[in-house]
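These numbers were taken from a predicted model, which means no experiment stands behind them. Residue indices begin at 1 and follow the sequence shown.
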Amino acid sequence: CVEPLVNGLLAGYNATVLAYGQTGSGKTHTMGTAYEPGGATCGVIPRVMQTLFANIAALPEGGTVNLRVGFIEIHKEDIRDLLQPKSVVSLRDAPGGAGVVLVGVKELEVSTVEEMAQALANGSQARATAATGMNHRSSRSHAIFTIHVERKGADPADVTRAKMHLVDLAGSERAKRTKAEGQRLKEGIQINK
């Protein structure tokens, strides 16, 4: 169901894919945000990468495609850059009233599926996780892996831009079922707001 969205990226269509569900239901596994290159599991995000690069390889000659990735998490109402964990990230109004932008987020230029996969793996290691009564390694944050695509045709004025957000939401949970206390309970309250 995600493949048509990936195919639309090179045509300039933005897309977002969300994994939502209860703690321990397999969202992180399904999305692939815990992916390790060469590991046994894959998930949606690594498959998106493979499909995107296959689509780029099948394009006719005469243009270029530039790719950038970003990876953030929202943990207890704080935004963290998973590709540059010590950076300060803030929300600001975009110039000209064009919405809201994240300031301070690193966007890494990638040119191979391996580089993109390594960015995903590196960012995943920095993600906030903890044990709960329902999951021994529960994601305590919302993680958003973003792929930015810029396609330039043979004519320099022919430029198409699009992005795809791949979102692994923190699990919805009931404190009673997770047996959460202290810090885990506070995180659960923030997750379920």
Side-chain angles (χ1 to χ4, degrees), residues 2 5 14-36 43-46 48-49 68-110 116-148 161-193:
V2 177
L5 302 175
N14 295 324
T16 300
V17 178
L18 299 167
Y20 170 80
Q22 183 174 319
T23 294
S25 63
K27 295 174 303 302
T28 296
H29 175 79
T30 300
M31 287 304 289
T33 50
Y35 172 75
E36 295 176 15
V44 171
I45 299 172
V48 163
M49 294 176 192
R68 296 184 327 275
V69 295
F71 198 9
I72 64 163
E73 77 173 344
I74 302 170
H75 180 246
K76 296 191 301 183
E77 297 187 8
D78 291 326
I79 302 169
R80 291 184 48 224
D81 186 341
L82 294 174
L83 298 179
Q84 191 172 271
K86 295 184 190 240
S87 68
V88 177
V89 179
S90 60
L91 283 172
R92 301 248 171 92
D93 289 328
V100 177
V101 294
L102 288 172
V103 176
V105 173
K106 179 178 185 173
E107 290 180 356
L108 183 65
E109 287 190 38
V110 295
M116 193 179 284
Q118 194 59 56
L120 174 64
N122 291 346
S124 294
Q125 291 174 355
R127 192 166 176 204
T129 61
T132 70
M134 294 179 72
N135 192 347
H136 73 282
R137 190 171 185 266
S138 177
S139 301
R140 310 309 294 165
S141 65
H142 307 300
I144 305 165
F145 188 79
T146 303
I147 302 171
H148 300 268
R161 292 183 183 90
K163 61 185 166 185
M164 176 177 258
H165 299 291
L166 298 148
V167 185
D168 176 9
L169 294 171
S172 59
E173 56 189 38
R174 291 178 157 245
K176 183 177 178 180
R177 292 186 72 190
T178 61
K179 300 178 179 94
E181 297 176 345
Q183 184 63 30
R184 299 294 82 75
L185 179 61
K186 289 178 184 176
E187 286 173 343
I189 291 167
Q190 291 295 323
I191 288 167
N192 291 309
K193 274 188 172 181

Q) Taking only residues two or more places apart in sequence or in another chain, which ones pass side chain to side chain contact (heavy atoms under 4.5 Å, CB included) with Ile144? A)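 Ile144 satisfies side chain to side chain contact (heavy atoms under 4.5 Å, CB included) with Ile72, Ile74, Thr146, His165, Val167 once adjacent residues are dropped.
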For a quick test of reading the model, state the closest non-hydrogen atom pair linking [X] to [Y] and the distance between them.
X      : Y      : value
Ala119 : Leu83  : O-CD2, 3.4 Å
Val101 : Ala94  : CG1-CB, 3.8 Å
Ser141 : Glu73  : OG-OE1, 2.5 Å
Arg80  : Ala126 : NH2-O, 3.2 Å
Ala143 : Phe71  : CB-CE1, 3.9 Å
Val89  : Gly104 : CG2-O, 4.0 Å

Value rounded to 0.5 Å, distance of [atom1] in [X] from [atom2] in [Y]:
X      : Y      : atom1 : atom2 : result
Asn14  : His148 : CG    : NE2   : 10.0 Å
Leu82  : Ser87  : CG    : OG    : 9.5 Å
Met49  : Met164 : CE    : CE    : 11.5 Å
Arg68  : Glu107 : CZ    : CD    : 4.5 Å
Tyr20  : Asp168 : OH    : CG    : 13.5 Å
Ile147 : Leu166 : CD1   : CG    : 5.5 Å

**Q.** Non-hydrogen side-chain atoms of Val100 and Asp93 separated by less than 4.5 Å
**A.**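 Side chain of Val100 against side chain of Asp93, heavy atoms only: contact under 4.5 Å found.
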Q: Pick out which of Leu169, Val44, Leu18 makes a side chain to side chain contact (heavy atoms under 4.5 Å, CB included) with Met31.
A: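 Filter result, single survivor: Val44.
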Q: Would you please name every residue forming a side-chain hydrogen bond (donor to acceptor under 3.5 Å, both in side chains) with Asn122, sequence neighbours left out?
A: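 Counting only residues at least two positions away or on another chain, Asn122 forms a side-chain hydrogen bond (donor to acceptor under 3.5 Å, both in side chains) with Gln118.
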